[in-house]
Q: 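One structure, as structure tokens, below. Some questions next.
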2 protein chains.
Amino acid sequence: MNVTIYDVAREAGVSMATVSRVLNGTAVVKEETRKKVLDAIKKLHYRPNAVARGLASKRTKTIGVIVPDVSAPVVAEMVRGIEDIARMYQYHIILCNSDGQLEREKDLIGTMWEKQVDGLLFMGHDISQELVKTFEDAQLPVVLVNTVDPENRIPSVNVDNRQAAYEATQFLVKEGARRILFLGGPRSHLVLGEPRYSGYLQVMQEQMLEPLLFECEDTDYETGLTAMKQWLAQGKQLDAVLAATDELATAAMHACQEAGYQIPSQVKVISFDNSRLTFMVRPELTTIVQPLYDVGAVSMRLMTKLLHDEPVDSYSVILPHDMVIRQST
Amino acid sequence: MNVTIYDVAREAGVSMATVSRVLNGTAVVKEETRKKVLDAIKKLHYRPNAVARGLASKRTKTIGVIVPDVSAPVVAEMVRGIEDIARMYQYHIILCNSDGQLEREKDLIGTMWEKQVDGLLFMGHDISQELVKTFEDAQLPVVLVNTVDPENRIPSVNVDNRQAAYEATQFLVKEGARRILFLGGPRSHLVLGEPRYSGYLQVMQEQMLEPLLFECEDTDYETGLTAMKQWLAQGKQLDAVLAATDELATAAMHACQEAGYQIPSQVKVISFDNSRLTFMVRPELTTIVQPLYDVGAVSMRLMTKLLHDEPVDSYSVILPHDMVIRQST
DNA sequence: CTGAAAGCGCTTACAG
DNA sequence: CTGAAAGCGCTTACAG
């Protein structure tokens, strides 16, 4: 048998209620009683059972975190931000991977409910009506992490991807580039697809330049390499590439180099994310900085506000992005 | 109010015990009764409360996962392996970062106990006596993930780092290298420190070659770049570098290239980990493959065996490593 | 400031 | 094959 709050109460000569009070600070307890309880706790090496507490209080101090895939560095970085802030507020996180599949996402939301999490941090590619309905059914506070709800029905923390792409493209134009290729991820991806496309597109239209789009099915290096080679094989001329991720950008650089282009003198490259990759490739990548850790941290902070009924400035937080200029431009 | 097992029982005209039985399959239930219960569950949209279940059954179906830092790609990869297998066996994971600090690790083990996790997957750099004691106090099944307990007191899943380093060094010798530098992480690190050092050292001694060791305080690119430049500044000649991580190896390549060495013709480089970095740098890195995902997956599988009293072949699993030869050798 | 008691929503012997 | 009842270890009105 393990030591319970009952044992502590007996040892200290008080009631369980009193032990609970000193444990949780939920009511004033006479200093003397308090000390007796604390001594008993120490003596018995008592540790409260969080499951029992969760059942009784209906708060588990646990947050469900659903991500497409933790093994993606970009995701892992945000998860770290989430966990750091969670700990700060005495929460734990249950982490699940959805692979971005709707069925799995819905299933996970259900099991998160079963686990009685206090709230849900959700990362995904697309917030469909069906998903919103599932969130509602679960009756859980939800914060979208680096995930946009086009209709803003759900609190979220994001970066302005459209604006970032706009600025990056404008930078390329200022540097003299005219034939600028956008090497993008799946357009349906509401974070790194459409918004980045459209920011790029706007500059091209404003500048009366011909948009050159290549939509990759995925955002990894291998996909990018194939895509870029394919594009180059068409024999079109090129001044610059704006790539939707660091891996795509790296692939673009390599494909261009292989095709005989000098970077940055002949072709300039800008990427998104500012992952560690950007300074480990040659030339080092100029890149849009996404404050990924902060996106995770702010999401979790927003969650604590929702949970504790603290005032919230904005339910759709946009974190500032930045651009780091390195050797590829 | 939420719908509980009591509501289902009433709706189906049976007892709560019976509902529990069809829910958990813990006893044979007449098909007809079973159907009534299932219908009631569906009708009421009933979902069992896992917290109550956890309290009553003393099994939470939750595993605590303590890692130094999820945002390290190597770690994230293992966590993904863990979570996949956990899901397969209907477990969830609570993820925590320790930053490899003993105090935090001990603290986390305690809170994991409070959360009543069924078991603990632990990743760290060093398994001290104090930590072992904390594990014992928590009375939880523990599996070490990519973490060695020098005295083998705790079940673990690892790769034979010593052997891997031995083979890599031997490969370099066969390729004609004589002056081989080992660019290592902190020697105190029981996974990527000492074992890799010693495998390297053994070959050098067998071959009567002078060992050239450089111990970095960390294993990241920046540290490696500084270290390697410092080493090269001594003006010593070099045929090859064996680096303890992909980032260190990348740094070594860049420092050598900057110093005018051709890779691989003048200096060969081999790294550890086979992360995505290895094929995104030029030249692509020859590397020791660590089956990281599998290390995580097998650890979790071992945990389920411990939890369900399944027979276990070995409590210290060693997974096979491999070597991928690319352009850097 | 403190205690007695009900209750959180399940599981699990026990009995039949 | 099924039910009644105790119990898991806490919290929380309620009362004083």
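This structure is a prediction, so every number in the text was calculated from the model and none was measured. The sequence lines fix the lettering, A, B, ..., with proteins before strands; numbering per chain opens at 1.
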Q: In whole Å, what is the span from the CG atom of B:L55 to the P atom of D:dT11?
A: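 Result: 12 Å.
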
Q: Remember a base hit wins even if backbone is also touched, and classify A:V14 as base, sugar-phosphate or nothing at under 4.0 Å, heavy atoms.
A: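 Since only primed, P, OP1 and OP2 atoms lie under 4.0 Å of A:V14, the category is sugar-phosphate.
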
Q: Here's a test of your reading of the structure: between B:R21 and B:A56, which maps to the more 5' nucleotide of DNA chain D?
A: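 Looking at the nearest nucleotide for each, B:R21 comes out on the 5' side.
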
Q: Verify the contact: side-chain N or O of B:S15 to OP1 or OP2 of D:dT2, cut-off strictly under 4.0 Å; return yes or no.
A: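 Indeed not, no polar side-chain atom of B:S15 lies that close.
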
Q: Measuring to OP1 and OP2 of D:dC10, would you say a side-chain N or O of A:K58 lies under 4.0 angstrom away?
A: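 Answer is no, no contact under 4.0 Å.
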
Q: In whole angstrom, what separates B:D7's CG from C:dC10's P?
A: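 These atoms are roughly 9 Å apart.
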
Q: Quick one: which of D:dT2, D:dC10, C:dC10 gets closest to the side chain of B:K30?
A: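 In terms of side-chain proximity for B:K30, the closest of D:dT2, D:dC10, C:dC10 is D:dT2.
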
Q: Quickly work out the B:L23 CG to C:dG9 P distance and round it to whole Å.
A: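 Between P of C:dG9 and CG of B:L23: 15 Å.
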
Q: Spell out yes or no: do the side chain of B:R47 and the base of C:dG9 have one donor N/O and one acceptor N/O closer than 3.5 Å?
A: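 In this structure, the two groups form no donor-acceptor pair.
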
Q: Does the plane of the ring in A:F122 sit parallel, tilted or perpendicular to the ring in A:F135? Use 30° and 60° as the thresholds.
A: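 Perpendicular.
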
Q: From the set D:dC10, C:dT12, C:dT11, return the single nucleotide nearest to any side-chain atom of B:A17.
A: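 Given the options D:dC10, C:dT12, C:dT11, the side chain of B:A17 is closest to C:dT12.
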
Q: Would you kindly give the CZ-to-P distance between A:R10 and D:dC10, to the nearest whole Å?
A: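 From A:R10 CZ to D:dC10 P: 13 Å.
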
Q: Applying the Watson-Crick and G-U wobble criteria at under 3.5 Å, what pairs with C:dG3? Answer none if nothing qualifies.
A: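 Base partner found: D:dC14.
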
Q: Closest nucleotide of DNA chain D for B:A52 versus for B:V29: which of these residues is on the 5' side?
A: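 It is B:V29, whose closest nucleotide lies nearer the 5' terminus.
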
Q: Rounded to whole Å, how long is the line connecting atom CG of B:N2 with atom P of C:dG9?
A: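 Result: 8 Å.
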
Q: Do the charged groups of B:E31 and B:K36 touch, with an N to O distance under 4.0 Å?
A: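 Salt bridge absent between B:E31 and B:K36.
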
Q: Among B:R47, B:R53, B:H92, which residue satisfies the side-chain hydrogen bond (donor to acceptor under 3.5 Å, both in side chains) criterion with A:E114?
A: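 For A:E114, the side-chain hydrogen bond (donor to acceptor under 3.5 Å, both in side chains) test succeeds with only one of B:R47, B:R53, B:H92, which is B:R47.
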
Q: Starting at atom CD1 of B:I5, determine the distance to atom P of D:dG3, rounded to an integer number of angstrom.
A: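 Value for this atom pair: 12 Å.
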
Q: A:S20 has a side chain; which of D:dC10, D:dT11, D:dG3 sits nearest to it?
A: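 Given the options D:dC10, D:dT11, D:dG3, the side chain of A:S20 is closest to D:dT11.
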
Q: Please check if any side-chain donor atom of A:N152 sits under 3.5 Å from a side-chain acceptor atom of A:Y315, or the reverse.
A: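 Side-chain D/A pair, A:N152 to A:Y315: absent.
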
Q: Grab the OH-P distance between B:Y6 and D:dG3 for me, whole Å please.
A: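 Answer to the nearest Å: 13 Å.
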
Q: Would you say B:T60 and A:K115 are linked by a side-chain donor-acceptor pair, where the criterion is simply a distance under 3.5 Å?
A: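 No, B:T60 and A:K115 have no side-chain donor paired with an acceptor closer than 3.5 Å.
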
Q: Ignoring the backbone of B:T18, work out which of D:dT2, C:dT11, D:dT12 is nearest its side chain.
A: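 The nucleotide sitting nearest to the side chain is D:dT2.
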
Q: Nearest whole angstrom, please: distance from the P of C:dC10 to the CD of A:E114.
A: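 So the two atoms are 10 Å apart, to the nearest Å.
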
Q: What does B:S57 touch in the nucleic acid at a heavy-atom separation under 4.0 angstrom: a base, only the sugar-phosphate, or nothing?
A: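 Since only primed, P, OP1 and OP2 atoms lie under 4.0 Å of B:S57, the category is sugar-phosphate.
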
Q: Side chain of B:N24, heavy atoms from C-beta onward: which of D:dC1, C:dT11, C:dT2 has the nearest atom to it?
A: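 Per side-chain heavy atoms of B:N24, the pick is C:dT11.
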
Q: Going through the distances and angles, do A:S128 and A:D126 end up as a side chain to side chain donor-acceptor pair (under 3.5 Å)?
A: CA-CA 6 Å; A:S128 60; A:D126 185 19; 5.5 Å; no

Q: Contact class for A:R59 (heavy atom, under 4.0 Å): base, sugar-phosphate, or nothing?
A: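 Here A:R59 touches the backbone only, sparing every base.
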
